[in-house]
Structures are given as C-alpha cells and as structure tokens.
Protein chains: 2
Amino acid sequence: MQDRQTAERPLTRIQRKNRQTILEAALDAFSSYGFRGTTVDQIAELAGLSKPNLLYYFPSKEAIHAELLSMLLDTWLDPLRALDPEGEPVAEILGYVRRKLELSRDYPRESRLFANEILQGAPRIMEALEGELKALVDEKAALLADWAAAGRIADLPPHHLIFSIWALTQHYADFDVQVRAVLGPGHDPYAEAQGFLDTLFGKLLAPDQRNG
Amino acid sequence: MQDRQTAERPLTRIQRKNRQTILEAALDAFSSYGFRGTTVDQIAELAGLSKPNLLYYFPSKEAIHAELLSMLLDTWLDPLRALDPEGEPVAEILGYVRRKLELSRDYPRESRLFANEILQGAPRIMEALEGELKALVDEKAALLADWAAAGRIADLPPHHLIFSIWALTQHYADFDVQVRAVLGPGHDPYAEAQGFLDTLFGKLLAPDQRNG
DNA sequence: ATGACGTTTGACCTTCCGGTCAAATACACG
DNA sequence: CGTGTATTTGACCGGAAGGTCAAACGTCAT
C-alpha cells in the first residue's frame, strides 16, 4: 500500500470494503464505551479482522476516531443547512425538528459519539465548533431573527431556540436507556416524542398577537 | 484502619478530610475524562496523595465512582421531589425548571458525570433508574396529569414534559463547550437560558382555552 | 506463469494501569 | 513518654493495551 496518503492511489475494492467495516465496528464500540473505553482489539474483533490488519488500514485508533467525527459533523449539520429562508417559517422549523428527531432515531450511535466528544470538552472538534458550526448557526440565527422581526414567529433568542431543538431531539438518542427505563415497556419513545415536540414548538413559535 | 466496614468504627478527622478530598478530585477527573479515561494516579495527583494512600481510603477506582454516583442521584432528584401538589401548577413547574437549571449551573461536573454514565448505557445505575427514579417520575407524572385534567395546565404527555425539562436544563451543563463555542464571547449562557426557558415553559403550559 | 504489489498474521515490544505489600512514619491517648 | 493504632509511601506485580515488524500469503495485469 506504500504511501497511500501522498500518492493518492485510488482505493482498491478490498480497501473500500475493509475501511467501511472497520468504521462501522468502531462506531459501535466508540459510541458504547467512549474513546478510552474502547480497545483496538475490540474494534478488530467486531470487524472480523486481526489487530495488525486493522492497523494496516488506519494508522492508529486516534485516526479511526477522527475519521468518524469528521464524517459525522457534516451529516449532523445537514438538516440545519436545509432550513429554507423562502419557506413558511413555522413549517420550516417544525420540519427541522422532525428531521433532527429522525436523525436521533436512525443514527443514535452517531449522536452518542458526538455527545461523548462534547462532554469531554470537545478536544478533537473544538476547531470545527468555533468555525464551521458557529458560522452556520449564526447564519440561521439571523434568519430566525428576521422571521421574528417580521412577526412570522414569536420573538425568541434565536441561538437558544436552536439549542432547544438540539437538546430536545438528541436527548432521545443520548439518554435512550433512561427514557426507556422511566417509560417502562410498551412505549415507542420516538413516536411519542414526535407528537410532543410538534406541540411544543407549535406553541412556542406561534407569533404573539400584535396589538396594532 | 482494619475492617472499617464491619466494625463501623467512626471516621477519624483525617479520614473525613481525605475521603472528601478524594471524592472532589475524582469528580473533577471522572466528569472530564469519563470512567475509563481517568486513571487512579490522576485522581491521586489531583487530591495531593500518593496512589497507595488513596487506595487506603477506597478499595478501588470502581468504589470511588460508585460512591459519587450514589451521592449524586439523591441531589439530582431533590428538585423533582419538591414539586408540590398543593402549589399553583404553572408556578410549581417553572420553579422546578429554574431549580434544575441552577443545578446545571452550580454543579456541571455532577451533570456530566451522570450524562457520561447514561450515555454508556447506565451499567452502574440501571437499577436505580428502573426503581427509585421511575417511581418518583411516575408519581409526579400522575400529578401533572391531574393538573392537566383539571385544566390548570395544558394537556401534554407528562413523562415527555419531564424529559423536556431534563433535556433543556442539562444541555447547558453537558454541552457547555458547544454552547459557548457557538455563542462566542460576551454571553452568559445560564442567564439567557433562564429567560428563554421561562418563556418556553410559560407558553407550553398555558392551559388551552376551553370551549364550553 | 510470474512478478509486483496488495493483504494478512504471529510474535513481539513498550508503556500504562489498577492494585498489593511490607516497612516506615505520624498520631492519639493513657 | 510510650505504645498501639492510623496513615503514608517506595517498590513491585501482572495484565492489558497501542503499536511494530518481518515474513507469509493473495491477487491481478501482463
């Protein structure tokens, strides 16, 4: 494989397959046990490879983790990017809430991986938070502020409005075991959350009755 | 010290002081790096003790962690316990939100320790979640349902209402670095959150206008 | 079929880490 | 002061974990 980095030779069929398998296994492990709590042997076992073989595809445990995080951030921000300035404000925001909740439901491992990273002080993605993430949020916050100024949604601090969407949707993925423990059997947390969050943001965003 | 467990000799002055110091140091470390990410040497260093000395006061790293978690749960549930059936419903709930937010502000390490544990599947406190926690939440959920039935607050799924309070308040402690990265300098997240959450739950809980 | 390159592995190295132990040092109290 | 108990520590142990390496094995294009 010599110098895949600089030579940029295209990936072989086997490389594509094994890198994929490894990332999948690593996501499983990292999201369950955290970075330090996961061992390379564990990932290798999950991926059905020997440890040296795994380290043939990625230079280190760090590198696997980094790759996962960088792939993650994009996916994670997509729903927010899709917030359309031309759309109907309340419908746009409710749509964002729904997409974000679906992300929690369909990709809980990714959500937990991200939560883990932030909890530990975001040592590996602080840069992205202060750059890419902040820029996008600022942009969309400005949009929300415009909508509020136009009386099309309630007047709320836009950044905190966004935080509230993140908090409420990710909670169902990150705190899944607690949610299920408290609800007991016979519940579908995500289905129930769907309705509840729809109501919540519906009431929250309804424009104030203007007097004049 | 021989057999402190069974003999139940009262703790000496030095024992009280050192156990306290160790728990404080361990809270710092565990909440920052997680259980696996924290080493005993690290805790000992923070506490200003040698490793064997630390292990003279606690039998293992596990034991320190367990002690912290069990102390934590009580503190954490107190504000919910304080929800008063005799009080004015909306004021009671807004008071709960405020106390929970203050807990996040004043004890962010505890919040992160808890979040870490849940994220990893709550291996060490699942029992408490399904027992003590569920019982208390069920009791308070019934109270909320009563209030809703009496038309004193909006009709909402009570468990999810409680989840939303947890999610929104703990978010500011657990995702602190993200919140600050996105807001940029010159913000007081907790002060702003205070006002925002007051508005949010005010609107959410306002009883529906009855037609009849 | 063969040579070049891609893939896999067993054995091994080093460091870290949780925990132990015996011996030394402080402390309290009669 | 002296003695029994509490406290502290340096040295050490065994296992786990991240990573390396040389050699063996596949694959594929000519």
Side-chain angles (χ1 to χ4, degrees), chain A residues 1-23 25-26 28-30 32-69 120 123-124, chain B residues 1-30 32-69 120 123-124:
Chain A
M1 177 182 294
Q2 67 187 21
D3 226 359
R4 209 187 314 127
Q5 306 295 355
T6 55
E8 278 304 327
R9 211 168 294 214
L11 298 182
T12 70
R13 172 184 54 87
I14 297 180
Q15 277 165 22
R16 272 195 304 275
K17 190 194 69 183
N18 280 348
R19 285 178 60 92
Q20 206 41 55
T21 310
I22 290 168
L23 288 173
D28 242 48
F30 284 142
S32 297
Y33 312 113
F35 180 75
R36 290 288 309 267
T38 298
T39 73
V40 176
D41 292 277
Q42 226 175 102
I43 302 174
E45 163 113 353
L46 279 175
L49 299 174
S50 67
K51 179 167 63 166
N53 197 11
L54 182 150
L55 288 166
Y56 169 71
Y57 290 101
F58 289 89
S60 67
K61 178 177 160 183
E62 274 277 342
I64 305 175
H65 193 250
E67 175 99 12
L68 281 174
L69 278 181
Q120 321 257 320
R124 301 157 216 272
Chain B
M1 179 182 293
Q2 69 187 19
D3 225 359
R4 209 188 314 130
Q5 306 296 354
T6 55
E8 279 304 326
R9 211 169 293 212
L11 297 183
T12 69
R13 171 182 55 88
I14 296 179
Q15 276 165 22
R16 272 194 305 275
K17 190 194 70 180
N18 280 347
R19 283 178 61 93
Q20 205 41 54
T21 310
I22 290 166
L23 288 173
E24 175 66 20
L27 177 56
D28 243 47
F30 284 142
S32 297
Y33 311 113
F35 180 75
R36 290 288 308 267
T38 298
T39 73
V40 176
D41 291 277
Q42 227 176 102
I43 302 173
E45 163 113 354
L46 278 175
L49 299 173
S50 68
K51 179 167 61 169
N53 196 11
L54 182 151
L55 289 167
Y56 170 69
Y57 291 101
F58 289 90
S60 69
K61 178 178 160 182
E62 273 278 344
I64 305 175
H65 193 251
E67 175 99 13
L68 281 174
L69 278 182
Q120 320 260 319
R124 302 157 216 274

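Chain letters run A, B, ... following the sequence lines, proteins first, then strands; residues in each count from 1. A quick note: this is a predicted structure, and the numbers were derived from the prediction, not measured. Hydrogens, waters and symmetry mates play no part in the numbers below; they use all other heavy atoms, side chains included.
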Exercise. Has B/Asn53 got a side-chain N or O lying under 4.0 Å from the OP1 or OP2 atom of D/dA6?
Worked result: no
Problem set entry | Partner residues of B/Lys51 under the salt bridge (charged side-chain N to carboxylate O under 4.0 Å, His left out) criterion, sequence neighbours left out | B/Asp41
Seminar exercise, completed: d(A/Gln42 CD, A/Phe30 CZ) to nearest 0.5 Å is 9.5 Å
For this session: Give one of base, sugar-phosphate or nothing for A/Leu55, where a contact means two heavy atoms less than 4.0 Å apart.
Result: base
Exercise. With a 4.5 Å heavy-atom cut-off, do B/Glu67 and B/Arg19 have their side chains touching?
Worked result: yes
For this session: Grab the CZ-C1' distance between A/Phe35 and D/dA17 for me, whole Å please.
Result: 12 Å
For this session: Please report, rounded to the nearest Å, how far the P atom of D/dG26 is from the CG atom of A/Asn18.
Result: 16 Å
Problem set entry | Rounded distance (Å) that lies between atom C1' of D/dT8 and atom CD1 of B/Ile22 | 12 Å
Exercise. Do the side-chain N or O atoms of B/Gln15 get closer than 4.0 angstrom to the phosphate oxygens (OP1, OP2) of D/dA6?
Worked result: no
Problem set entry | Under 4.0 angstrom between B/Tyr56 side-chain N/O and D/dT9 OP1 or OP2 | no
Problem set entry | Side-chain N,O (B/Arg13) to OP1/OP2 (D/dA6) below 4.0 Å | no
Seminar exercise, completed: What residues 41-49 of chain A contributes to the DNA chain D interface at heavy-atom separation below 4.0 Å is none
Exercise. What is the distance, rounded to the nearest whole Å, between atom CZ of B/Arg16 and atom C1' of D/dT7?
Worked result: 16 Å
For this session: Between C/dC17, D/dG18, C/dG10, spot the one nearest the side chain of A/Pro52, thanks.
Result: C/dG10
Exercise. Can you tell me how far OH of B/Tyr57 sits from CD1 of B/Ile22, rounded to the nearest 0.5 angstrom?
Worked result: 7.0 Å
Problem set entry | Nucleotide C/dT8, atom P - distance to OH of A/Tyr57 in whole Å | 4 Å
Exercise. Rounded to the nearest Å, what distance is computed from the CG atom of residue A/Leu54 to the C1' atom of nucleotide C/dT8?
Worked result: 12 Å
Seminar exercise, completed: By nearest-heavy-atom nucleotide on DNA chain D, the more 5' of B/Lys51 and B/Lys17 is B/Lys17
Problem set entry | Side-chain N,O (B/Thr12) to OP1/OP2 (D/dT7) below 4.0 Å | yes
Problem set entry | Pairwise side-chain contact, B/Thr21 with B/Leu49, heavy-atom cut-off 4.5 Å (strictly under) | no
Problem set entry | Validation row: B/Leu23, B/Leu68 side chains within 4.5 angstrom (heavy atoms) | yes
Exercise. Which residue lies toward the 5' end of DNA chain C, B/Ile14 or B/Thr38, if each is placed at its nearest nucleotide?
Worked result: B/Thr38
Problem set entry | Student check: side-chain heavy atoms of B/Phe35 and B/Glu62 closer than 4.5 Å | yes
Exercise. Rounded to the nearest Å, what distance is computed from the CG atom of residue B/Leu11 to the P atom of nucleotide D/dT7?
Worked result: 9 Å
